Amino acid sequence: MRTGKALRAGTAVTAAVVVATTAGCSTRAPESSGGGGGEGGAAAGEVLTDVGIEGETIRLGVLTDLTGVFAALGQDITNANQLFWQDNQVCDTYTVELDVQDTGYVPQTGVQLYSGMEPNILAMQQTIGSPINTALAPEYEADQIVNFPSAWARTLTEIPGTGVVGATYDVELANGYAYMFEQGLLAEGDTVGHIYFEGEYGENGLAGSEAVAEERGLTIIPAQIKATDQDMTAQITQFAAAGVDAIALTVAPTQTASAAGVAAAQGLNVPIIGSNPVFAPGLLQGPAAQALKDNLYVASPVSAFDAQPELLEQYQAAYPNVQPSLGVLVGYGMSAIMKQVLDAACENGDLTREGVLNAFNELQDVDTGGLVVPINGFETGVSPSTQSFILRPADVPGGATVVQEAFEGEFAQGLA
């Protein structure tokens, strides 16, 4: 048992996406502009290019999880990436093509797949999983790759060009704690059992618990597990014996369902707070459904479909046989941010990797129309946002509703 520390700073699928026009920047590429080493400056309407652009087509990479522990989330994020670029162009000129590869949430597979796609892409639209992003950090930095991870670990903010889409896990979970205190679900001096994955994701979430514990006198009982561990009986039994007042999770949906179900079976009726990857709507079709509805609170970088009905309608029309999760909002939101970066680079007359990286570094006060929490900017080692939504499981499309709009909790600034 320990208390908190002080607050402190595979299968390959290729998708060629045909894109319709939309409002963009006014700079247009000349007919001769293409990949493989553009020459000259951006004078007279020219746009400098080097890698990942052929004619008026930009190719972006996607390293997602279609068969691993986050397969459902990865599918929805990727589908939303594709959906966005079907309806949007860069600079009202360039169509976008996605090279989608399935890592199965295995870091070495991700490294190998990236090696194959790297010579032909301008940037990474998505890389899922903190371990895979971390494994690719040296390559991304050396290649000057702008990348939007489907992951929110603090360590990822240290990778040049990597834009975490929302608050880092420690800030996100701390916002969840702030909500619980505000609602009277948790009190100073309480005991919290925290189940977390080994690695960046889980450890960064635990850091959030420990920081809040230091501020509010909580006792944290940590329980580290592997991503392959599915039965949470031992951990919940330990928590019940300790008389915990709440449970925190930085795990995957499978472990969330097990934890909630076992807790209910043992009569441990306490609130459960989790980081955004802990939940998937498919859990509401399983035996833990009622326990999740009764006790789970999810701190999230995105809202829910009740606030985005048009996107839901669009997604269901494009993917009628898929049960949508809130990964749709993540994927659409990160694509909107990538468009802002690429449009800015185009306006600067420089769509080389270096030019895109410069545009990324200059981006501030990012607004995605409520899809994603406000992004302050992408500064090394700093959480890009201090805000989170709070969601509850419900029998609605996406499986969750918003109970707290995007807010900055009392602990966020100290962690950010």
Side-chain angles (χ1 to χ4, degrees), residues 1 3-4 167 169-196 202 205-213 215-223 225 232-233 235-281 283-284 286-300 304 326 388-395 399-405 407 409-412:
M1 181 181 301
T3 57
Y169 289 124
D170 50 348
V171 175
E172 181 176 81
L173 200 58
N175 282 338
Y177 277 107
Y179 177 81
M180 292 173 70
F181 279 116
E182 290 172 3
Q183 298 299 312
L185 299 168
L186 199 61
E188 292 194 18
D190 280 351
T191 298
V192 179
H194 190 146
I195 304 175
Y196 66 102
L206 180 64
S209 285
E210 293 180 329
V212 174
E215 290 292 300
R216 288 298 194 95
L218 301 178
T219 296
I220 304 298
I221 303 175
I225 64 170
M232 299 296 102
T233 300
Q235 291 77 18
I236 297 300
T237 300
Q238 178 191 9
F239 294 165
V244 300
D245 301 288
I247 296 169
L249 300 175
T250 37
V251 294
T254 297
Q255 291 80 15
T256 299
S258 176
V262 173
Q266 294 191 10
L268 186 58
N269 184 30
V270 297
I272 302 171
I273 183 66
S275 301
N276 77 86
V278 305
F279 179 73
L283 299 185
L284 298 183
Q290 192 58 52
L292 293 167
K293 293 176 188 176
D294 290 344
N295 294 318
L296 182 62
Y297 298 80
V298 180
S300 171
L326 299 183
S388 303
F389 294 90
I390 303 297
L391 312 178
R392 297 294 312 277
D395 292 319
T401 59
V402 176
V403 295
Q404 171 65 59
E405 295 294 337
F407 80 113
E410 63 178 291
F411 312 108

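Here, residue 1 is the first one in the sequence, and each next residue gets the next number. Computed from a predicted model, the values in this text were never measured in an experiment.
Contact detail for Ala167 and Glu172: the closest heavy-atom pair is CB-N, 4.1 Å. Pairing each heavy atom of Met232 with each of Ser258, the nearest pair is N-OG, 2.9 Å. Across Ala304 and Val402, no two heavy atoms sit closer than the pair N-CG2, 3.6 Å. Between Phe181 and Ala187, the shortest heavy-atom distance links the atoms CE2-C, 3.6 Å.
Counting only residues at least two apart or in different chains, salt bridge (charged side-chain N to carboxylate O under 4.0 Å, His left out) contacts with residues 260-269 are absent. Every pair passing salt bridge (charged side-chain N to carboxylate O under 4.0 Å, His left out) that includes a residue from residues 173-188 is listed here, sequence neighbours excluded: Glu188-Arg216.
In this structure, Arg392 contributes its side chain and Leu296 its backbone to a donor-acceptor pair below 3.5 Å. Judged by distance alone, the side chain of Glu215 and the main-chain N or O of Val212 form no donor-acceptor pair under 3.5 Å. Not a single donor-acceptor pair under 3.5 Å links the side chain of Ser275 to the backbone N or O of Thr250. Using a distance-only test at 3.5 Å, with no hydrogens or angles considered, no donor-acceptor pair links the side chain of Thr256 to the main chain of Phe279. Using a distance-only test at 3.5 Å, with no hydrogens or angles considered, a donor-acceptor pair links the side chain of Asn175 to the main chain of Gly409. The main-chain N or O of Thr191 is found under 3.5 Å from a side-chain atom of Asp245 such that the two form a donor-acceptor pair. Side-chain atoms of Gln235 do not come within 3.5 Å of backbone N or O of Ile195 as any donor-acceptor pair.
Partner Phe239 forms a side-chain contact (heavy atoms from CB on, under 4.5 Å) with one of Val270, Val262, Val192, Ile247 and no other, that one being Ile247.
The distance from atom CG of Leu206 to atom CD1 of Ile220, rounded to the nearest 0.5 Å, is 7.5 Å. The distance from the OH atom of Tyr177 to the CZ atom of Phe411 is 10.0 Å, given to the nearest 0.5 Å. If you take CG on Leu249 and OH on Tyr196, they are separated by 13.5 Å, rounding to the nearest 0.5 Å.
Every side-chain hydrogen bond (donor to acceptor under 3.5 Å, both in side chains) that Gln266 has, sequence neighbours left out, goes to Thr237.
A heavy-atom distance below 4.5 Å is found between the side chains of His194 and Leu173.
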